[in-house]
Amino acid sequence: MLAWYDRHARALPWRSPPGTPPPDPYRVWLSEVMLQQTTVAAVRTHFARFTQRWPTVRDLAAAHDEAVMTAWAGLGYYARARNMLACARAVVADHGGHFPGDEQGLLTLPGIGRYTAAAIAAIAFGRRAVVVDGNVERVVARLFAVETPLPAAKPELYALTDRITPSERPGDFAQAMMDLGATICTPRNPLCALCPLDRDCAARASGDPARLPRKVPKAARPRRYGTIFWIEHDGAVLLVRRPDKGLLGGMRALPTGPWVEADPGLADAPAALDWRWIGGHVEHVFTHFALELRVACGLPEKGCASQLDGEWWPIERLDTAGLPTVFAKAARRAIEGEADG
DNA sequence: AAGTCGTGGGA
DNA sequence: TTCCCAAGACT
């Protein structure tokens with residue numbers, strides 16, 4: 001694996017080349033948190049934005065919550081941003097501005113679980129650690145032809161990964177396994193002819209490696225309905241801040257009621273206005289439900305507008321508000337809908 | 001310990 | 001279109 005990695009490692013902004021000294025732990029940590037359940041392509045821009053604006057963990061710890069949440073907007077899983085900020089502040093307050101170098105210490109920090117602690121320990125500190133992400137699970141399930149379906153197979157896959165993890169260059173080994181999973185041992189149509197583990201792979205020998213890992217079927221995704229309230233006054237639109245806990249927690253948002261099983265219409269309107277429906281609707285898919293939104297447009301009088309709770313944000317600069325994608329879609333729909341009449 | 005938590009891209 | 005998936009953590 002290490003020989004393969006020396007030749008085929010992906011060059012990524014948060015990495016050092018194979019066999020060279022490890023990168024700054026701050027950059028390793030930042031990239032690992034961003035990469036949780038998120039594609040490399042999506043992380044690139046946000047990683048550059050964060051490291052340019054906050055070059056050290058002390059800079060990030062001193063940042064305003066709002067600035068960090070805005071910079072994170074669009075990446076998804078917003079609890080990561082809140083945990084990331086809490087983690088940076090804990091590193092400064094409790095660890096003198098230096099990340100702990102061992103898994104046990106890393107695990108005590110917010111947003112760092114078993115995978116991330118192992119990855120940081122191996123990649124940033126050269127510690128031997130068992131690094132198991134989705135890629136590694138797939139590679140190892142095939143290598144040993146593990147028939148147990150996920151997620152029940154996780155302990156078994158962890159033990160098998162432990163067995164093949166070397167003490168030398170543990171960070172490069174972990175990244176090699178992940179690169180292999182991302183580029184060769186892919187979920188569908190693995191490129192076995194290019195794989196350095198070709199002759200050792202039990203699934204390859206069986207003739208149908210893509211069959212593994214087995215997985216338990218997922219439940220169907222329910223559909224929910226909601227209304228977005230586009231409240232416009234004097235070239236600005238009313239934005240609110242969502243509560244810290246729960247879906248899209250802590251993010252700036254357009255006013256909306258609960259998202260429920262049947263179309264709520266104007267039931268949760270934040271004010272008694274002469275609402276006008278924008279044509280069409282907005283479709284957005286979350287992890288565990290699909291959402292269908294209609295947009296209601298209201299134009300308050302001056303006296304009424306000043307009483308509404310929230311921020312009046314200039315519509316021309318709405319792209320700087322740090323809206324999660326679902327609200328950015330709704331805003332687009334509202335602006336287009338108004339233009340259509 | 002199953003459910004919660006985003007988003008965009010590829011097949 | 002629809003489904004699946006991507007360097008998981010937290011409760």
Side-chain angles (χ1 to χ4, degrees), chain A residues 9-10 12-15 27-47 69 72-84 86-87 106-124 129-139 150-152 154-155 158 161 171 173-183 185-190 210 213 215-224 242-251 253 259 282-291 322-329:
Chain A
R10 288 180 290 175
L12 298 170
W14 46 86
R15 276 188 179 174
R27 294 170 63 87
V28 174
W29 162 74
L30 194 60
S31 69
E32 289 300 340
V33 171
M34 288 184 171
L35 285 162
Q36 290 166 6
Q37 296 290 287
T38 306
T39 57
V40 166
V43 166
R44 281 182 184 275
T45 57
H46 284 79
F47 180 81
M69 299 310 286
W72 191 277
L75 251 196
Y77 285 134
Y78 298 99
R80 290 184 296 169
R82 299 193 297 277
N83 287 331
M84 178 187 67
C87 180
L106 289 162
L107 274 171
T108 66
L109 294 166
I112 298 183
R114 177 143 89 151
Y115 160 75
T116 305
I120 296 172
I123 296 169
V130 182
V131 181
V132 185
D133 75 329
N135 289 305
V136 177
E137 284 179 348
R138 184 171 56 255
V139 170
L150 286 168
K154 282 177 181 287
Y158 184 93
T161 307
F173 177 76
Q175 292 175 99
M177 292 288 282
M178 294 191 280
D179 275 16
L180 188 69
T183 64
C185 193
T186 51
R188 291 171 292 231
N189 308 316
K215 297 192 175 182
V216 297
K218 290 174 184 170
R221 202 187 330 257
R223 172 166 293 266
R224 294 185 191 168
R242 293 176 66 86
D244 279 337
K245 302 274 183 185
L247 188 65
L248 306 169
M251 299 303 289
W259 296 336
V282 174
E283 181 79 19
H284 191 76
V285 180
F286 293 98
T287 304
H288 55 294
F289 67 94
L291 179 62
L323 290 177
T325 300
V326 61
F327 297 115
K329 282 187 191 175

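So that the names make sense, note that chain A is the first sequence line, chain B the second, and so on, each numbered from 1.
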So does A:His288 get a side-chain nitrogen or oxygen closer than 4.0 Å to the phosphate oxygens (OP1/OP2) of B:dC5? yes

Whether A:Arg80 and A:Glu32 form a salt bridge (side-chain N of Lys/Arg under 4.0 Å from carboxylate O of Asp/Glu) is what I want to check. no

Describe the nucleic acid contact of A:Val131 in one word from base, sugar-phosphate, nothing, applying a heavy-atom distance below 4.0 Å. nothing

Please figure out whether A:Val40 or A:Leu107 has its closest DNA chain C nucleotide nearer the 5' end. A:Val40

Phosphate OP1/OP2 of C:dC4 contacted by A:Lys215 side-chain N/O (<4.0 Å): no

On the six-membered ring of A:Tyr78, is A:Arg242 placed so that its NZ or CZ lies under 6.0 angstrom from the centre and within 45° of the ring axis? no

Applying a 4.0 Å non-hydrogen cut-off, can you work out what A:Arg15 is touching in the nucleic acid: base, sugar-phosphate, or nothing? base

Whole angstrom is fine here: how far is it from CE in A:Met69 over to C1' in B:dC5? 12 Å

Geometric class of the A:Phe47/A:Trp14 ring pair [parallel <30°, tilted 30-60°, perpendicular >60°]: perpendicular

Look at all strands and tell whether A:Trp14 reaches a base, only sugar-phosphate, or nothing, counting heavy atoms closer than 4.0 Å. base

Measuring only the P atom in each nucleotide, how far is C:dT11 from B:dG6? A whole number of Å is fine. 14 Å

What's the OH-C1' distance between A:Tyr77 and B:dG8, to the nearest Å? 13 Å

Mind checking if A:Leu75 touches a base, just sugar-phosphate, or nothing, with heavy atoms under 4.0 Å? base

Between atom CZ in A:Arg224 and atom C1' in B:dC5, what is the gap in whole Å? 11 Å

Starting from the 5' end of DNA chain B, give me the residue, A:His284 or A:Asn189, whose nearest nucleotide shows up first. A:His284

Given DNA chain B, 5'-ward residue of the pair A:Ala42 and A:Phe289, judged by closest heavy atom: A:Phe289

Rounded to whole angstroms, how far apart are CD on A:Gln37 and P on C:dC10? 13 Å

Just checking, is any N or O donor in the side chain of A:Gln36 or A:Tyr115 under 3.5 Å from an acceptor N or O on the other one? no

B:dG6, B:dA11, B:dT7: which one has an atom nearest the side-chain heavy atoms of A:Thr325? B:dT7

Minimum heavy-atom distance A:Arg27-A:Pro13, with the two atoms named: NH2-O, 2.9 Å

d(CD, A:Gln36; C1', C:dA6) in whole Å: 12 Å

Within the structure shown, what part of the strands sits under 4.0 Å from A:Ile123 by heavy-atom distance: base, sugar-phosphate, or nothing? nothing

Using heavy atoms to find the nearest nucleotide of DNA chain C for A:Gly113 and A:Thr39 separately, return the residue whose nucleotide is more 5′. A:Thr39

In this structure, how many angstroms lie between the C1' atom of C:dC5 and the CD atom of A:Glu137, rounded? 13 Å

Within the 4.0 Å heavy-atom criterion, would you say A:Gly74 contacts the bases, only the backbone, or no part of the nucleic acid? sugar-phosphate

A:Ala129 versus A:Ala118, closest heavy-atom pair with distance: CB-O, 3.5 Å

Just how far, in rounded Å, is C1' of C:dT1 from CZ of A:Arg223? 12 Å

Shortest side-chain distance from A:Asn83, nucleotide among B:dC5, B:dT7, C:dC10: C:dC10

How long is the line joining OH of A:Tyr78 and P of C:dG8, in whole Å? 17 Å

Remember a base hit wins even if backbone is also touched, and classify A:Arg138 as base, sugar-phosphate or nothing at under 4.0 Å, heavy atoms. sugar-phosphate

Sorted by number, residues from residues 27-35 of chain A placing a heavy atom under 4.0 Å from DNA chain C are A:Glu32, A:Leu35

Pairing residues for A:Arg15 by the salt bridge (charged side-chain N to carboxylate O under 4.0 Å, His left out) criterion, not counting sequence neighbours: A:Asp179

Residues passing the salt bridge (charged side-chain N to carboxylate O under 4.0 Å, His left out) test with A:Arg44, sequence neighbours excluded, are none

Verify whether the ring centers belonging to A:His284 and A:Phe286 lie closer than 6.0 Å. yes

Out of B:dT7, B:dG6, C:dC5, whichever nucleotide has its closest atom nearest the side chain of A:Thr38: B:dG6

Would you indicate which nucleotide in B:dT7, C:dC5, B:dC5 comes nearest to any side-chain atom of A:Pro187? C:dC5

